[in-house]
Amino acid sequence: MSIKLRLLLSYISILVIQIVLMIGITFLFGHIKFEEENPNSDFSLPGKTFGHFILDANKLNREIDIQTIINKAKLLSPSYLDELGSMIEKYDAGIIVRKNDELIYKSPLLFGFDEENHLNAFLEPFQRKKLPKSDVTYGTLIQKDFYYSDAEVSIFIVVNWKAVYDKESSSRNLITGLMVIFFIISTVIITMFIYRDINRSIYQLKNAVHEIKKGNLDFKITKNLNDELGELSDAFDQMRIKLKESNILKEKYEENRKNLISNISHDLKTPMMSIKGYIQGIKDGVADTPEKINKYIDTIYEKAKTMEVLINELFLFSRLDLQKEEFHFQKIDIIDFLEDCVEDLDFDLKKIGGAIFFHHDIEHAYVNADIQKLKRVVLNIIDNAVKYQGEQPIRIHIRAMQNDDKIIIEIQDNGRGISKEHLPFIFNRFYRGDPSRNTQISGTGLGLAISKQIIEQHGGKMWVESIEHQGTRLFFSLRM
C-alpha cells in the first residue's frame, strides 16, 4: 500500500470515526435527555433536566385539564396548588393563579417575576412561537383560562428561562467537549498507528546510514512496509550488498596486486641475478677464454629474452585485463584455421617424438575472430601440454564440435595431469602449481590467464578437466 493511499485512508477513517461518534453521542444524549427519570438513580446529566421538565409540564397540563372538568374548586386550593407546583419546581418553574384581576396563588420560586407586565389577560390568545431569548429571565410556558362561579380564573405555568438556558448551555458544552476529546483521541491513535510503521522504516534507514558511515556493511535492512518506504528499504539494502561486494572485490584486487608484484619480483629476480652473476664473472676474469666469454654472453642473452617474454606477456595481460587491447575481428573458417595450426605444430612436435591429431565432423564453421590472438591461445595450450608432458611421448588430440550456435574446441594431452587442489587455480596469473616457482619448467605463468582473457573477449568461455597422471582436456567455445 502506497504512502499516499495510506494517508488517504487515514483521513477517511478519521472523518468516518468523527461522524460515527457524533451520531453516537447525539443519540446517547437524546436518549438520556428524554428517558424516563429513575428515582433510584442519582445520575444526572446537564440537558436531561430540560427533557424531564417538558414531560412533567405536559403531565401538569393534563392534570389541570382534567380538574377543570371534574373539580374546578380543587384548582383554587393552595395545598393542591402546592402539590402541583412541586412537580415542576425542581425545573425552576412555578404556578400562578389569577382570579379576576387578583393573584390568589404564586409559587415561592417566582418571587422575581413581574406578573403585571408579563401575564396575558383572560382569554387573550396565548402564542408561544419560540423560546424566549437567553437574556429574558422569566416567561410563560402554559396558560389555562376557565370560568368559576361567575369568576374568571387563569392558571399560568411560568419558567425561569435563564436557569434553563444555563443548563442547556452546559449540556451543549459537554457534548462539544466530549466530541473534541474523542476527535483528539481518535486522531492521535490513527496518526500514531500510521506514524509507527513509517517511523520504524525511517529509523531503520537512519541506523543503516550510520552503520555505513562507520564502515559496517554486515547488517540487513528489513522491509517493514509494502510502499515507497519499503521499496526504498529494498533499494538501500541492495546498495549495501553492492557496496559490500565492491569492498570484497577491492580487497581481492588489492591482494591480487600484492601477489602480482610479488610474482613479478620473483620471476624477474632469478634471471636478473643470473645476468649480474655472469657479467661479474666476465669483469672478474672468470671467463678467461673467448669460448667462456661467448658462453656467458649467450646465457645473458637467453636470460634477457626470458625477461623480455615475461614483460611482454605481463603487458599483454594488463591490456587485456583493462580491456584496452585492440582486436581485429574477421570472419574465418575455424576448421581451416585449426588445420593450419595442426600442420604448423606437427613439425615441431615430431622433433621431440610427439604427435598431434585433428578430429572433426564439420565441413565448415564460421566465427568472428582475431586470427593472431586465437593462434596465441592454441599455442599457449600446446606449450603447456609440452612443458608438463609425462614419461610417454606427447600425444595431442584437437577436436571441433558444434553445440547449437557454438563451436567447442577440445585440446587433449596425455601429460601429467593436474591435481584436484590445483585445478581451480590454473587460469590465475603466474600460477604454475609449484609453490617454490622454480625455473626447471620455463614459462611466465601467464599463458592460460591470457588465453582465457582472449577467449572471453571473443564472447566465449574456457574451462578444463583433468585427472592427475592421466592427462588434461582443455575446452574453449566460440560463437558461430
Judged by atom type as modelled, is there a donor-acceptor pair below 3.5 Å linking the side chain of [X] to the main-chain atoms of [Y]?
{"X": "D284", "Y": "V286", "answer": "no"}
{"X": "N414", "Y": "I394", "answer": "no"}
{"X": "N216", "Y": "E211", "answer": "no"}
{"X": "S477", "Y": "K461", "answer": "yes"}
{"X": "S246", "Y": "K242", "answer": "no"}
{"X": "H458", "Y": "D370", "answer": "yes"}
{"X": "K303", "Y": "D298", "answer": "no"}

Item to check | Any donor-acceptor N or O pair under 3.5 Å, side chains R416, Q389 | outcome: no
Checklist entry - Where does the angle between the aromatic ring planes of Y278 and Y296 fall among parallel (under 30°), tilted (30 to 60°) and perpendicular (over 60°)? => result perpendicular
Salt bridge or not between [X] and [Y]? Use side-chain N to carboxylate O under 4.0 Å.
{"X": "K373", "Y": "E325", "answer": "yes"}
{"X": "K452", "Y": "E456", "answer": "yes"}
{"X": "K305", "Y": "E308", "answer": "no"}

